[in-house]
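All values below come from the heavy atoms of this structure, side chains included, with hydrogens, waters and symmetry mates left out. Residue numbers start from 1 in every chain, and the chains themselves are labelled A, B, ... in the order their sequence lines are given, proteins ahead of strands.
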Amino acid sequence: MDQGLKETLLAWYRATARPLPWRGEKDPYRVLVAEVLLQQTRAAQAAPYYHRFLKRFPTLEALAQAPLEEVLKVWAGAGYYARARNLHRLAQSVSELPRSREALLALPGVGPYTAAAVAALAFGERVGVVDGNVRRVLARFYALEDPSPQALWRLADALVEGVDPAAWNQALMDLGALVCTPRRPRCGDCPLSPSCRGREDPGAYPRPRRRSQKEEVLWALVLLGPGGVYLEKAEAGRYGGLYGVPLLDEKAFWERAKALGVAPRFLGQVRHELTHRRLRVRVWGARLEAPLEGLQDPSARPLSKLTQKVLGKALPLLAHEPVVSLPDAEA
DNA sequence: AAGTCGGGGTA
DNA sequence: TACCCAGACTT
């Protein structure tokens, strides 16, 4: 790509840039928060969380001093909760963000993309940034069916010569998001189109990755009693750090119901889609008249969207359920 | 290298 | 429905 074409893309960017909340931001902490939120997340989806997060945790120090549960409450709904846990750990591990890509890469939750993005956008380091958009733009421009990450990073680093790193990298990402889209790219509006080797068959570059989606059936136990809903905190792994109703396979579900001494009834089903899983949750519940350790107010805890769906199904039904006496736990 | 981790948008 | 999104970490 010659210098003239780069200038053309930069001019397109100046005229077309999306007015995103973090656009032009130079404060490294705020850039970091944006980049972590943007991992595998569309800009439009990340934007409201970006505002909420920075209002509640305006500085690295404020984040470090907050309890993890508070951090997760702000993150709740955004998905990939390890990002929030890692960001919190990061804040507690350094008092100031390092200024180089190399040093940033050592931080928890900061991989090649985030390290390069913070280095280039906040500190102006001359490094290329490769995200899903840039991968697609470069694969098409150079007609690469299955480019290796190493090849893409080398290309991106080479391309940032002679341009402003912050503007250039964001221009490439915006081009991918607005024009060089995965399907039906708008080649007629693309400033790179005259030199693009993939223009005749953009769908071929890069080759689509197929992913399998597995079915998973889970059983949810919703107990409503004095003091609220029975919630437990998930450990590491899926929904780690968040609160939710017990979500188990069939066998464990009945064991748990027996251990808690409850006789739940079927309330309905909830579907939930993840990238690699198709969850079908059978929702069972009961009302309790006696207090039970673990009954609490769900709105006071960080909850996943899945838990919100399950509660949304169960609570209206349980609210009309007559209070039944607890069966004997030994029965 | 392959699996796992959320949730939502698009064609 | 299938694929993807301003990826990172574990196995």
Side-chain angles (χ1 to χ4, degrees), chain A residues 13 17-18 20-23 25 31-50 72 75-87 89-90 104-122 128-139 146 148-149 152-153 156 166 168-178 180-186 202-203 206-214 216 234-242 244 270-279 302-309:
Chain A
Y13 175 64
R18 293 177 289 176
L20 299 169
W22 46 86
R23 194 69 90 191
E25 183 61 62
V31 172
L32 174 68
V33 170
E35 297 308 334
V36 172
L37 268 169
L38 286 163
Q39 291 168 7
Q40 289 293 282
T41 306
R42 290 165 188 279
Q45 188 182 348
Y49 290 95
Y50 176 77
L72 288 169
W75 204 275
Y80 285 144
Y81 299 97
R83 296 184 295 175
R85 300 195 300 269
N86 285 332
L87 200 49
R89 267 209 300 146
L90 186 163
L104 286 161
L105 197 50
L107 300 174
V110 176
Y113 164 76
T114 306
V118 173
L121 305 196
V129 177
V130 177
D131 72 336
N133 290 307
V134 174
R135 172 173 183 268
R136 188 173 55 255
V137 169
L138 295 182
D146 190 21
S148 71
L152 289 168
W153 283 100
W168 172 253
N169 284 303
Q170 293 183 86
L172 273 181
M173 291 191 276
D174 255 28
L175 188 69
L178 296 175
C180 196
T181 50
R183 274 172 290 184
R184 276 176 32 80
R186 300 156 177 79
R207 187 170 31 225
R209 317 154 143 144
R210 60 172 122 321
R211 49 197 86 195
S212 61
Q213 211 183 19
K214 294 177 184 169
E216 189 172 334
E235 298 311 319
R238 191 185 291 173
Y239 300 128
L242 274 65
V270 164
R271 297 174 182 281
H272 196 64
E273 305 277 338
L274 286 63
T275 297
H276 51 292
R277 288 276 192 274
R278 168 169 297 167
L279 305 182
L303 306 176
S304 67
K305 291 283 188 181
L306 172 57
T307 297
Q308 292 181 38
K309 276 190 201 175

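- Nucleotides of DNA chain B that come within less than 4.0 Å of any heavy atom of chain A span, from the 5' end to the 3' end, B/dT4 to B/dA11.
- Side chain of A/Y81 to main chain of A/G77: a donor-acceptor pair is present (N/O by atom type, distance under 3.5 Å, no hydrogens or angles).
- Between A/T114 and C/dA6, a side-chain N or O to OP1/OP2 separation shorter than 4.0 Å is absent.
- Under the 4.0 Å criterion applied to side-chain N and carboxylate O atoms, A/R278 and A/E216 are not assigned as salt-bridge partners.
- Partners of A/Q39 according to the side chain to side chain contact (heavy atoms under 4.5 Å, CB included) rule, which considers only residues two or more places apart in sequence or in another chain, are A/V36, A/R83, A/T114.
- Look at the P atom in both C/dA6 and B/dA11: the space between them is 13 Å, to the nearest Å.
- Comparing B/dG6 with C/dC5, their C1' atoms are spaced 12 Å from each other, to the whole Å.
- Across C/dC4, C/dA6, C/dA8, the shortest atom-to-atom separation from the side chain of A/A43 is found for C/dA6.
- In this structure, A/Q308 has no side chain to side chain donor-acceptor pair (under 3.5 Å) partners at least two apart in sequence or on a different chain.
- With sequence neighbours excluded, no residue forms a salt bridge (Lys or Arg N to Asp or Glu O under 4.0 Å) with A/R135.
- Nucleotides C/dT1 and B/dC5, compared at atom C1', are 22 Å apart to the nearest Å.
- At C/dG7, one or more side-chain N or O atoms of A/Q40 fall inside 4.0 Å of OP1 or OP2 (strictly under the cut-off).
- When the salt bridge (Lys or Arg N to Asp or Glu O under 4.0 Å) test is applied to A/R23, the partners found at least two apart in sequence or on another chain are A/D174.
- C/dG7 atom C1' lies 15 Å from atom CG of A/L90, rounded to whole Å.
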Below 3.5 Å between N/O atoms, which protein atoms pair up with nucleotides 9-11 of chain C? Just atom names and distances, please.
residue	atom	partner	partner atom	Å
C/dC9	OP1	A/G109	N	2.4

